Amino acid sequence: MVADKPRRRIIAVGSGKGGVGKSTVSANLAIALARAGRKVGLVDADIYGPSQPRLMGSEGIKPTAQGDKLIPVPNQWGVPLLSMGQLIEPDKAIAWRGPMAGNALGQLIDADWGDAEVLVVDLPPGTGDVQLTMLQRYKPAGAVIVSTPQDLALIDARRAIQLFEVGQVPVIGMIENMAGYVCPHCGEVSDPFGTGGAEAAARSLDLPFLGRIPLELSIRQASDAGTPPAAGEGPAADVFAALARQVSAWLDNH
């Protein structure tokens, strides 16, 4: 008897520019989906600037291979991971032209993901070769767009949205990251990057707005320590759980 292969779907997490926290969102979204009962794998497709090994607490652990397929690296969060950061020496620059980056992406996506039903793919910023390879070769089921509230980030986020639309990949919705900072001393809320920009952009583009992630010191500290907040309890975990519920509901209905 031959077991049925799982119907594996790709959720691409993209942004138009770097520095908006897309990798942090990808890692925590994957963990929150796993905690909600999904079988999830995480692909760090940011070939030139991989950060998932640090975020997932998997630095220094190299994947094995079986035949011509990589075996993703397991972790305590229940979300196997593949990243170029696991395959190269620490701090070594990856000076590759586009086709080599596309081939590297193929090695990560076509790995032995076992029974994973969803692959969360952390795309590099922008609209370059890796994104085009993803759209043409692997056709994600849907895309999540991450932006900070300020106009410069939103201009580039619209470009990323247009790329997915041209590739006929539905946009699941937009997330506004770094939205509001609560002073730990006085409790006053300030908005160093503005507020509401991503929600307004989603509304103008007739896209769902999935929610806001606050600019919190605890999220930064947990991410640097390789202990994603979505794996724990508290307000930060609740934010990512709410995002995962919306993405999971979208998957159930598409």
Side-chain angles (χ1 to χ4, degrees), residues 7-30 32-33 36 38 40 43 45-46 117-180 189 191-215 230 238-254:
R7 181 193 175 201
R8 187 168 298 134
R9 293 191 285 174
I10 292 172
I11 299 299
V13 181
S15 66
K17 68 191 282 50
V20 299
K22 170 184 49 56
S23 294
T24 300
V25 171
S26 299
N28 284 280
L29 176 61
L33 285 168
R38 298 275 181 180
V40 185
V43 177
D46 195 345
E117 59 175 322
V118 176
L119 292 184
V120 175
V121 178
D122 175 17
L123 288 173
T127 55
D129 290 311
V130 172
Q131 288 86 343
L132 292 174
T133 299
M134 170 64 68
L135 293 177
Q136 293 169 359
R137 195 183 300 177
Y138 297 104
K139 196 61 178 289
V144 172
I145 304 298
V146 180
S147 178
T148 48
Q150 78 267 37
D151 289 344
L152 282 176
L154 290 165
I155 289 169
D156 291 331
R158 286 187 172 93
R159 294 191 180 103
I161 290 167
Q162 184 185 30
L163 179 70
F164 286 117
E165 289 176 344
V166 170
Q168 296 183 318
V169 172
V171 175
I172 299 170
M174 293 186 69
I175 294 172
E176 185 171 279
N177 195 22
M178 307 181 195
V189 179
D191 297 293
F193 296 110
T195 183
E199 183 174 11
R203 188 166 51 247
S204 70
L205 295 167
D206 197 26
L207 294 173
F209 178 66
L210 302 180
R212 293 183 175 85
I213 301 170
L215 180 62
D238 293 343
V239 168
F240 291 112
L243 295 174
R245 282 194 295 271
Q246 294 181 80
V247 173
S248 192
W250 188 91
L251 286 168
D252 288 337
N253 291 304
H254 289 81

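As a basis for the values below, the full set of heavy atoms in this structure was taken, side chains included, without hydrogen atoms, waters or symmetry mates. Remember, predicted model here, so these are calculated numbers, not experimental data.
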Exercise for the section: Provide the closest heavy-atom pair for N28 versus A230 in the form atom of the first, atom of the second, distance. Expected result: OD1-N, 2.9 Å
Completion exercise
Between P208 and A202 the two heavy atoms that sit nearest each other are O-CB, 4.1 Å
Problem - Whether R38 side chain and S248 backbone form a donor-acceptor pair below 3.5 Å - result: yes
Problem - Taking every non-hydrogen atom, the tightest pair across D122 and S23 - result: OD2-OG, 2.6 Å
Exercise for the section: Let me know which of I213, L29, L33 forms a side-chain contact (heavy atoms from CB on, under 4.5 Å) with F240. Expected result: I213
Problem - Any pair counted as side-chain hydrogen bond (donor to acceptor under 3.5 Å, both in side chains), so long as it reaches residues 161-174, sequence neighbours left out - result: none
Handout entry: Closest non-hydrogen atom pair between A160 and I145, with its separation
Key = CB-CD1, 4.3 Å
Exercise for the section: For residues Q246 and I172, determine if any side-chain heavy atom of one lies less than 4.5 Å from a side-chain heavy atom of the other. Expected result: no
Problem - Set of residues satisfying side chain to side chain contact (heavy atoms under 4.5 Å, CB included) with respect to P140, sequence neighbours excluded - result: I10, A12, M134, L135, V169
Problem - Heavy-atom check, side chain of L119 versus side chain of Y138, under 4.5 Å - result: no
Exercise for the section: Work out which heavy atom in G167 is nearest to a heavy atom in K139; give both atom names and the distance. Expected result: O-CE, 3.1 Å
Exercise for the section: Return the set of residues passing side chain to side chain contact (heavy atoms under 4.5 Å, CB included) with D206 (not counting sequence neighbours), or none when no residue passes. Expected result: none
Practice task
Mind jotting down which residue pairs meet the salt bridge (charged side-chain N to carboxylate O under 4.0 Å, His left out) criterion with at least one end in residues 241-251? Sequence neighbours excluded, please.
Solution key: none
Handout entry: E117 side-chain N/O to R9 backbone N/O, donor-acceptor pair under 3.5 Å
Key = no
Problem - Test log, rule side-chain contact (heavy atoms from CB on, under 4.5 Å), inputs L251 and I11 - result: CA-CA 9 Å; L251 286 168; I11 299 299; 3.7 Å; yes
Exercise for the section: Using a 4.5 Å cut-off on heavy atoms from C-beta on, say whether the side chain of W250 contacts that of P170. Expected result: yes
Practice task
Grab the two heavy atoms, one from K22 and one from S15, that are nearest each other, plus how far apart they are.
Solution key: CE-OG, 3.5 Å
Exercise for the section: Would you check if N177 and V20 make a side-chain contact, meaning some heavy-atom pair closer than 4.5 Å? Expected result: no
Exercise for the section: Sequence neighbours left out, what passes side chain to side chain donor-acceptor pair (under 3.5 Å) with S26? Give chain and number order. Expected result: none
